[in-house]
Amino acid sequence: AAALRASDEGYLPKIKVGMGEEKDLKLISLIEKAKIKYALDFNAVYTLAEARELFNTLLEKKEGLDNALYVEQPTKVSEGISALGEIRKLLRTNVSSTVIADESFVSKSDAVECVNQELAINMKMQKIGGLYQAKLIEEQISSEHKELKSTVGGTFPTAIGRVYDQAAACVLVSASLYSDALLPSTDYFKGNNHLIAEQFRRVKNLSVPIEGNGLGITVDESKVSALVVENPSKEYARIRADQTGEKIIIKLRDNASYGELYKIKTGKNPMWNI
């Protein structure tokens with residue numbers, strides 16, 4: 001299955017970087033000295049010029065990127081998919097030549113442009129509209145006789161969402177890269193927050209998809225009901241007014257204002273759809 005191919009060397013550390021050139025260089029150098037395989041996720045923080053400077057410095061160092069299997073979204077979304085293509089050219093003979101588009105990829109047209117730039121894509125099911133849309137993207141690329149490589153990403157879902165992600169990693173032909181979807185949600189949601197009766201399994205450090213009809217899971221209704229938000233409009237109104245919800249608590253870096261960030265990201269009043 002694609003899910004097992006994606007993890008046939010065992011667990012892959014995925015390193016969150018994008019903390020500034022000096023800190024990133026230090027961290028990546030330390031990881032390289034450990035002689036382990038890893039992936040880098042920059043979360044779209046650098047301009048193209050900044051990313052070029054960082055990677056040129058790394059490539060000048062002996063063993064600068066020898067053990068990196070892929071680089072994910074080093075450049076800002078505003079820099080465009082073409083900027084990721086430029087980094088792909090720069091790293092052509094390194095990190096398995098794989099650069100992944102994440103934040104820059106949302107639609108089928110984005111996927112086509114990414115393939116034209118020789119980029120892989122991060123198939124986050126919540127972002128692109130589910131497995132059906134992911135299959136349509138694969139069909140579009142296939143119809144143009146081009147090769148698509150993808151990873152199935154995740155956004156810290158509960159067990160229910162994670163099982164769906166794992167099923168997608170098995171179904172998608174293009175999902176040949178290491179995938180966040182293969183990590184059990186119990187890495188971060190345990191006890192009353194593990195919402196299904198079944199347990200995730202690893203065999204010799206490989207993720208084994210849950211088997212059975214549908215997603216193969218039994219939802220624990222008592223755990224789910226305890227998390228139900230009775231009045232979503234009221235709950236989200238409080239959050240967007242920078243207050244604490246009754247069930248949902250959002251903590252932002254540097255105590256940033258959720259409402260202000262919402263206006264910046266969407267261009268809308270935070271209460272527009274409440």
Side-chain angles (χ1 to χ4, degrees), residues 2-21 23-46 50-52 54-55 57-59 61 63-77 81 83-105 114-115 117-125 127 147-157 162 165-166 168-170 172 174-185 187-188 202 205-207:
L4 296 182
R5 287 203 307 272
S7 61
D8 58 6
E9 294 180 28
Y11 176 70
L12 173 71
K14 188 174 183 182
I15 313 301
K16 300 292 184 182
V17 280
M19 301 177 291
E21 183 178 353
K23 289 184 178 180
D24 282 355
L25 286 172
K26 183 177 180 180
L27 177 59
I28 295 169
S29 295
L30 285 172
I31 297 166
E32 280 290 338
K33 289 178 181 177
K35 302 297 183 183
I36 59 173
K37 297 296 183 182
Y38 63 94
L40 295 171
D41 186 358
F42 288 87
N43 291 305
V45 298
Y46 290 126
E50 291 168 338
R52 280 185 184 277
L54 172 65
F55 289 118
T57 302
L58 284 167
L59 294 177
K61 295 166 65 73
E63 300 180 347
L65 282 169
D66 282 4
N67 293 298
L69 295 182
Y70 63 73
V71 169
E72 184 172 341
Q73 193 70 46
T75 55
K76 295 176 179 289
V77 175
I81 292 173
L84 293 173
E86 290 300 311
I87 298 300
R88 163 72 175 82
K89 294 175 185 175
L90 179 64
L91 300 178
R92 188 175 296 277
T93 58
N94 297 82
V95 293
S96 302
S97 301
T98 303
V99 175
I100 297 178
D102 182 1
E103 287 85 353
S104 293
F105 154 65
C114 286
V115 170
Q117 296 282 347
E118 298 184 330
L119 302 168
I121 58 176
N122 187 337
M123 294 270 210
K124 287 180 177 173
M125 295 299 107
K127 175 180 71 174
E147 181 184 7
L148 174 64
K149 289 184 178 181
S150 72
T151 178
V152 179
T155 51
F156 298 104
R162 182 41 46 94
D165 290 341
Q166 290 187 346
C170 291
L172 294 172
S174 64
S176 58
L177 303 174
Y178 287 84
S179 297
D180 288 343
L182 301 173
L183 294 176
S185 66
D187 281 6
Y188 27 82
R202 283 190 175 117
N205 211 27
L206 301 181
S207 297

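Two residues are said to be in side-chain contact when any heavy atoms from C-beta on lie closer than 4.5 Å; L183 and R202 meet this criterion. Between R162 and P184 the shortest side-chain heavy-atom distance does not fall below 4.5 Å.
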Test side-chain contact (heavy atoms from CB on, under 4.5 Å) applied to Y38 and I28, step by step
CA-CA 10 Å; Y38 63 94; I28 295 169; 3.6 Å; yes
Going through the distances and angles, do E72 and L40 end up as a side-chain contact (heavy atoms from CB on, under 4.5 Å)?
CA-CA 6 Å; E72 184 172 341; L40 295 171; over 6 Å; no
With side-chain contact (heavy atoms from CB on, under 4.5 Å) as the test, would you mind laying out the steps for E32 and D66 before giving the verdict?
CA-CA 7 Å; E32 280 290 338; D66 282 4; 3.9 Å; yes
Given side-chain hydrogen bond (donor to acceptor under 3.5 Å, both in side chains), test E21 with Y46 step by step and report yes or no.
CA-CA 9 Å; E21 183 178 353; Y46 290 126; over 6 Å; no
Stepwise, does the side-chain hydrogen bond (donor to acceptor under 3.5 Å, both in side chains) test hold for Q73 with D41?
CA-CA 7 Å; Q73 193 70 46; D41 186 358; over 6 Å; no
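Taken to the nearest 0.5 Å, the CE atom of M123 stands 12.5 Å off from the CG atom of D165. To the nearest 0.5 Å, atom CG of residue L91 and atom CD of residue E86 are 11.5 Å apart. To the nearest 0.5 angstrom, L119 atom CG is 7.5 Å from R88 atom CZ. Atoms CD and CG, from E50 and L54 in turn, are 9.5 Å apart once rounded to the nearest 0.5 Å. Here the CD1 atom belonging to I121 is positioned 12.5 Å from the CG atom belonging to L84, to the nearest 0.5 angstrom. Atoms CD1 and CG, on I36 and L69 in that order, are 10.5 Å from each other to the nearest 0.5 Å.
When all heavy atoms are compared, the tightest approach of K127 to E103 is NZ-N, 4.4 Å. Annotation for V152 and A169: closest pair CG2-CA, 3.7 Å, computed over non-hydrogen atoms. When all heavy atoms of V45 and K76 are compared, the closest pair comes out as O-NZ, 3.3 Å. Between P157 and Y188, the shortest heavy-atom distance links the atoms O-CE1, 3.8 Å. Across L27 and K16, no two heavy atoms sit closer than the pair CD2-O, 4.2 Å. For the residue pair Q117 and G85, the shortest heavy atom distance occurs at OE1-CA, 3.5 Å.
When atom types are taken as modelled, the side chain of R52 and the backbone of I87 share no donor-acceptor pair closer than 3.5 angstrom. Proximity of a side-chain donor or acceptor of K149 to a complementary backbone N or O of A120 within less than 3.5 Å is not detected. Judged purely by atom type and a 3.5 angstrom limit, N122 has no side-chain atom pairing as donor or acceptor with the backbone of A101.
Residue T151 forms a side chain to side chain contact (heavy atoms under 4.5 Å, CB included) with just one option from S176, S174, S179, and that option is S179.
D180 pairs by the salt bridge (charged side-chain N to carboxylate O under 4.0 Å, His left out) definition with K14, not counting sequence neighbours. K23 is linked by a side chain to side chain contact (heavy atoms under 4.5 Å, CB included) to M19, counting only residues two or more places apart in sequence or in another chain. With sequence neighbours excluded, the residues forming a salt bridge (charged side-chain N to carboxylate O under 4.0 Å, His left out) with K124 are D102, listed by chain and number.
Taking the six-membered ring for Trp and the full ring otherwise, F42 and F55 have centroids separated by under 6.0 Å.
Using a 4.0 Å cut-off between charged nitrogen and carboxylate oxygen, E118 and K89 do not count as a salt-bridge pair.
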